[in-house]
Amino acid sequence: MAGRFTPRHTLPHSPKGVGGTPTTGRGGHAAVPTRVPRQAAGQPAGPGRVREWVPDGPLDLGLVLGPLRRGPGDPTFRATPDGSVWRTCLTPAGPGTLRVCAYGGGVRGEAWGPGAEWLLEGLPELLGAADDPSAFVPRHRLLASARHRRPGLRLTRSGLVLESLIPSILEQKVTTDEAYRAWRLLVRKFGEPAPGPAPARMYVMPAPRTWALIPSWEWHRAGVDNKRASTILRAVRVAARLEQAVGMEPGAARARLELVPGVGPWTSAETVQRSHGAADEVTVGDLHLPGIVGWALAGDRDADDAVMLELLEPYAGQRHRAARLILLSGRVPARRAPKMPRWDIGQL
């Protein structure tokens, strides 16, 4: 997720405990209200399957699930004022809607649709149960402070590849706003309405066959150039093989993803960070991340990928977590150039 967030001023940090969340968006964070009304925590929003789960430590829903949100208008993700996070997925069992809320020391998950059981079965891993934050040993004061301020940070494991791969392809070499707009328009037009009592205008991402049948002019209207559209079409043709990568180690999974022409190291890293909860898969080839890491750890705003990897070497095994903490710390170099211009090819 590195490089998908423009530098902003640091905002007040999250309180400790389940459900505590700050409001900043850098580093993969979605703002989720810290207080959950009793009705929201104790009563279902409608008839659905329910699962209660108690994490073994602090858990911040916004930090854990934030990387799965593709912009504030993402039709597959919604944080509501009652403290709930809603998420739609195309699971192996079919479309499903998941509502998660934290209360007291536990988490309540409720799901609807054919994929409800699959979503609830994977709820603990989605919320970081397979992650081990204690494996991270900070060797810089900045990272020690960032970890102390974000005790609820865990790395999500969605268990789904395409739902992270397709938006990552859309984000290749364009501004964040352009990529988010394309994802929003395509999912709303070609996806299906979310099952259950989901908030308005929530949709499930299209199935692979639906992606393959999107006409060329619809890609154009969404602002997606032919190169990115062709990469997505190649990926969905081998969707079943790509989804099998979830059972592989992150390195092997990346190698399989990169067999698809147009999917390189940047895209594969962005995908497995979410699908596998890969703590060590740091993003290379990013426009901003090397300079941010270089500035935070060595005062070098001109660092390239080689310098970034050298600086992160002490965190081998946890380099992705280290990069996220750096992004969340707010220590970024001042902007020296105008933002990358936004081009809407749909108007050409």
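Treat the numbers as computed from the prediction; the structure is a model and nothing was measured. Atoms considered below: every heavy atom in the structure, side chains included; atoms not considered: hydrogens, waters and symmetry mates.
Between V272 and P250, the shortest heavy-atom distance links the atoms CG1-O, 4.3 Å. Between V284 and P265, the shortest heavy-atom contact is CG2-CB, 3.9 Å. Of all heavy-atom pairs between W211 and L233, the closest is O-CD2, 3.5 Å. Contact between S268 and R254 at its shortest, heavy atoms only, is OG-NE, 2.9 Å. Heavy-atom minimum distance, E192 versus P95: OE1-CG, 3.7 Å. The shortest heavy-atom contact between L162 and A239 is CD1-CB, 3.5 Å.
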Problem set entry | Pair T267-Q172, side-chain hydrogen bond (donor to acceptor under 3.5 Å, both in side chains): steps then yes or no | CA-CA 8 Å; T267 307; Q172 292 176 349; 2.7 Å; yes
For this session: Would you check, one step at a time, whether the test side chain to side chain contact (heavy atoms under 4.5 Å, CB included) holds for R331 with L142?
Result: CA-CA 9 Å; R331 183 174 172 79; L142 175 74; 4.0 Å; yes
For this session: Start with the C-alpha gap between M202 and F77, add the side-chain angles, then the distance that decides, and say whether side chain to side chain contact (heavy atoms under 4.5 Å, CB included) holds.
Result: CA-CA 7 Å; M202 287 198 73; F77 190 104; 5.5 Å; no
Exercise. What do the steps show when you test L153 against D60 for side chain to side chain contact (heavy atoms under 4.5 Å, CB included), and what is the final call?
Worked result: CA-CA 6 Å; L153 173 63; D60 186 319; over 6 Å; no
For this session: Kindly indicate, with the supporting measurements, whether the criterion side-chain hydrogen bond (donor to acceptor under 3.5 Å, both in side chains) is fulfilled by S158 and R274.
Result: CA-CA 6 Å; S158 70; R274 298 166 171 86; over 6 Å; no
Exercise. Would W183 and D74 count as a side-chain hydrogen bond (donor to acceptor under 3.5 Å, both in side chains) if you check the C-alpha gap in whole Å, the side-chain angles of each, and the deciding distance to 0.1 Å?
Worked result: CA-CA 8 Å; W183 173 251; D74 187 348; 3.0 Å; yes
For this session: Please test R221 against L185 for side chain to side chain contact (heavy atoms under 4.5 Å, CB included), starting from the C-alpha separation and ending with a verdict.
Result: CA-CA 9 Å; R221 288 174 179 171; L185 293 178; over 6 Å; no
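The closest donor-acceptor contact from the side chain of S84 to the backbone of C101 lies at 3.5 Å or more, if one exists at all. At least one donor-acceptor pair closer than 3.5 Å links the side chain of D280 to the backbone N or O of R319.
Under 3.5 Å, the side chains of W266 and D286 contain a donor-acceptor pair of N or O atoms. Side-chain atoms of E270 and S164 include no donor-acceptor pair closer than 3.5 Å.
Interatomic distance, R99 CZ to R108 CZ, rounded to the nearest 0.5 Å: 7.0 Å. Atom CG of residue L127 and atom CG of residue L61 lie 6.5 Å apart, to the nearest 0.5 angstrom. Taking NE2 of H288 as the reference point, atom CG of L327 lies at 11.0 Å (rounded to 0.5 Å). One finds the CE atom of M308 at 7.5 Å from the OG1 atom of T283 (value rounded to the nearest 0.5 Å). In this structure, CG on L297 lies 6.5 Å from CG on L312, to the nearest 0.5 angstrom.
Under the 4.0 Å criterion applied to side-chain N and carboxylate O atoms, E218 and K189 are assigned as salt-bridge partners.
For the side-chain hydrogen bond (donor to acceptor under 3.5 Å, both in side chains) with Y315, the qualifying choice from H140, R139, H320 is H140, the only one to do so. Among R154, R321, R157, the single residue meeting the side-chain hydrogen bond (donor to acceptor under 3.5 Å, both in side chains) criterion with D131 is R321.
Around CD of E243, the count of heavy atoms belonging to other residues, nucleotides or ligands within 6.0 Å exceeds 12. Within a 6.0 Å radius of CD in E310, other residues, nucleotides and ligands contribute 12 heavy atoms or fewer. More than 12 heavy atoms of other residues, nucleotides or ligands shown are found within 6.0 angstrom of CD on Q244.
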